[in-house]
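One structure is given here, and the rest of the page talks about it.
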Number of protein chains: 2
Amino acid sequence: MAIEVPKTRRGETSRAAILNAALDLFQERGYEATTMRSIAERTGVSLGSSYHYFPSKEHLVLEFYRHTHELHAAAIAPLLSREKDLATRLRGTIRAVVVTCEPFHAVAGSIFSTVANPASPLNPFGGVAKPLRDEVVQLYADVVSGSDARIPADIAEMLPLMLWLYQMGILYFWIFDRSPGRLRTLEVIDETTDLIVRLISLANLPVLRGSRKRILGLIKDIVERPQG
Amino acid sequence: MAIEVPKTRRGETSRAAILNAALDLFQERGYEATTMRSIAERTGVSLGSSYHYFPSKEHLVLEFYRHTHELHAAAIAPLLSREKDLATRLRGTIRAVVVTCEPFHAVAGSIFSTVANPASPLNPFGGVAKPLRDEVVQLYADVVSGSDARIPADIAEMLPLMLWLYQMGILYFWIFDRSPGRLRTLEVIDETTDLIVRLISLANLPVLRGSRKRILGLIKDIVERPQG
DNA sequence: GTCTATAACCGGATAGAC
DNA sequence: GTCTATCCGGTTATAGAC
């Protein structure tokens with residue numbers, strides 16, 4: 001069940017070749033239509049060999065996920081280093097997510113449901129995928145901390161995780177979006193990022209203090225207690 | 001792909017028997033461990049016959065979903081007819097969801113991910129499962145309209161759908177919950193239902209008017225425009 | 001036309017020899 | 001680390017029974 005790390009040069013080559021073939025085929029034919037046999041065939045190895053490196057088809061998806069995360073992080077690096085306005089940073093970051101994932105739009109549905117499955121090793125709430133999730137959460141921490149927005153400490157603590165969840169929500173919307181150029185998703189992103197920044201500033205209002213404390217306390221409790 | 005409705009008495013009997021066997025087996029062994037062959041065997045029909053009534057294993061899940069919905073609706077009927085306080089109605093309704101689903105806790109993970117899959121016929125955002133979703137949304141409309149809370153029209157319009165989504169969120173939390181007696185989920189329910197009612201009352205504050213209009217407009221737009 | 005059964009297909013996963 | 005052979009379970013084709 002663990003991820004196999006190749007021990008030899010030859011092993012590394014095989015592993016990389018299998019992964020490449022898989023990514024290509026996912027993109028060409030979609031997730032279900034890509035069989036483990038077709039991946040092995042295109043790579044030029046046997047079916048059994050594929051399983052030596054990737055204990056299941058799902059584990060190939062995990063690599064796929066890592067792949068797009070790296071593309072995404074690279075795509076927004078310039079923005080994050082020059083821009084200070086939080087709304088702009090956030091909007092640019094989320095827009096870049098859907099742009100980066102666009103080539104995989106057709107595959108995304110199956111992948112999303114795999115990831116959402118609590119029984120899957122890929123579920124981001126614990127398991128093999130957790131380290132990668134933490135990287136993405138860290139990326140949103142950078143989005144926030146690199147801005148000139150002054151955010152109360154209790155909100156700042158939980159915000160990156162909330163933004164990661166928000167990103168998931170946008171991706172789920174995007175999966176259903178069939179508008180030309182995926183314009184609807186972009187509209188929703190523009191509207192929601194603005195709204196989020198506005199709500200953060202409103203959270204300082206005295207009347208909202210009580211609810212804010214309760215909400216943040218609840219989130220913290222959910223996140224930090226084990227198994228839930 | 002359509003749902004097959006038996007045309008004869010004998011057909012009805014077979015269909016009901018298959019469904020019963022499936023529900024029992026799901027509960028006994030979980031979703032994955034229950035094979036279509038085992039369902040057919042327990043029913044005393046052939047594998048092919050099962051497929052005459054249920055075009056896929058997923059379609060059995062849809063019936064399962066309907067089954068629990070009916071148990072749930074029956075369970076909360078007394079509460080809804082006697083209680084007028086919104087927070088109490090909402091808390092009781094959501095608590096009853098997890099209580100009703102408790103016997104299926106072990107199966108729920110697989111089922112949830114099946115349902116979340118945009119490619120699945122069971123996805124509630126369109127497809128075969130939509131009528132059932134509408135029934136559940138209607139149930140939340142009753143929870144709200146039967147209370148003595150005075151809710152602005154724009155909120156009241158979208159609230160039932162939001163509460164259905166909220167229920168989904170609670171169920172997802174509950175799936176992960178391994179605390180004894182599922183106490184954590186019950187705690188989260190109590191806290192969140194209270195919070196929701198509180199936030200609805202706060203929504204009338206002048207400072208929040210703008211955000212409220214924007215949020216409700218956005219939700220309405222997402223719900224009502226096709227394909228998204 | 002409605003129901004039931006048998007036999008096969010397909011693809012993910014595994015065992016075990018080399 | 002690589003292969004072949006096999007299992008297992010969802011699904012389908014199709015022939016016959018009522």
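The model shown is predicted, which means the values in this text are computed figures rather than measured ones. Lettering of chains follows the sequences in order, A, B, ..., and the numbering in each one begins at 1.
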Reading DNA chain D from 5' onward, which residue's closest nucleotide shows up sooner: B/R10 or B/M36?
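Comparing both residues, the 5'-ward one is B/M36.
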
Using atom [atom1] of [X] as one end and atom [atom2] of [N] as the other, report the distance to the nearest whole Å.
X     : N      : atom1 : atom2 : answer
B/E41 : D/dG10 : CD    : P     : 13 Å
A/R37 : D/dT6  : CZ    : P     : 14 Å
B/E58 : D/dT11 : CD    : C1'   : 12 Å

For DNA chain D, determine which residues of residues 16-33 of chain B have any heavy atom closer than 4.0 angstrom to one of its atoms, and list them numerically.
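Those residues whose heavy atoms fall under 4.0 Å from DNA chain D, taken from residues 16-33 of chain B, amount to none.
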
Using 30° and 60° as the class boundaries, would you call the ring planes of A/F26 and A/Y31 parallel, tilted or perpendicular?
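The arrangement is tilted - the two ring planes meet at 30° to 60°.
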
With A/F112 via ring pair (Phe, Tyr, Trp, His ring centres under 6.0 Å) - residues at least two apart
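Expected list: A/Y172.
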
Mind checking ring pair (Phe, Tyr, Trp, His ring centres under 6.0 Å) for A/F64 and listing every partner two or more places apart, or none if nothing turns up?
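A/F64 satisfies ring pair (Phe, Tyr, Trp, His ring centres under 6.0 Å) with A/F104 only.
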
So what does [X] hit on the nucleic acid, given a heavy-atom distance under 4.0 Å: a base, only sugar-phosphate, or nothing?
X     : value
A/T13 : nothing
B/T8  : sugar-phosphate
A/S38 : nothing
B/S49 : base

Quick one: closest heavy-atom pair of A/G92 and A/L79, and the distance?
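Nearest pair, atom of A/G92 first, then A/L79: CA-CD2, 3.8 Å.
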
Check step by step if side chain to side chain contact (heavy atoms under 4.5 Å, CB included) holds for A/L80 and A/V143.
CA-CA 7 Å; A/L80 294 188; A/V143 168; 4.0 Å; yes

Any chance the side chains of [X] and [Y] put a donor and an acceptor closer than 3.5 Å?
X      : Y      : answer
A/S110 : A/E32  : yes
B/S49  : B/H52  : no
B/Q138 : B/D142 : yes

Between B/H105 and B/W174 (side chain of the first, backbone of the second, donor and acceptor by atom type, cut-off under 3.5 Å), is there such a pair?
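Judged by distance alone, yes, a pair lies under 3.5 Å.
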
Ignoring hydrogens and angles, tell me if any N or O in the side chain of A/R66 forms a donor-acceptor pair with the backbone of A/L132 under 3.5 Å.
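Flag not set: sc A/R66 to bb A/L132 has no pair under 3.5 Å.
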
Return the polar atom pairs (N/O with N/O) between nucleotides 13-15 of chain D and the protein under 3.5 Å, or none.
none

Return the set of residues passing side-chain contact (heavy atoms from CB on, under 4.5 Å) with B/T35 (not counting sequence neighbours), or none when no residue passes.
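Testing B/T35 for side-chain contact (heavy atoms from CB on, under 4.5 Å), a comparison that skips the adjacent residues, returns B/R37, B/S38.
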
Give the first and the last nucleotide of DNA chain C, reading 5' to 3', that has any atom under 4.0 Å from a heavy atom of chain A.
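First-to-last contact on DNA chain C, by the 4.0 Å heavy-atom rule, is C/dG11 to C/dT14.
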
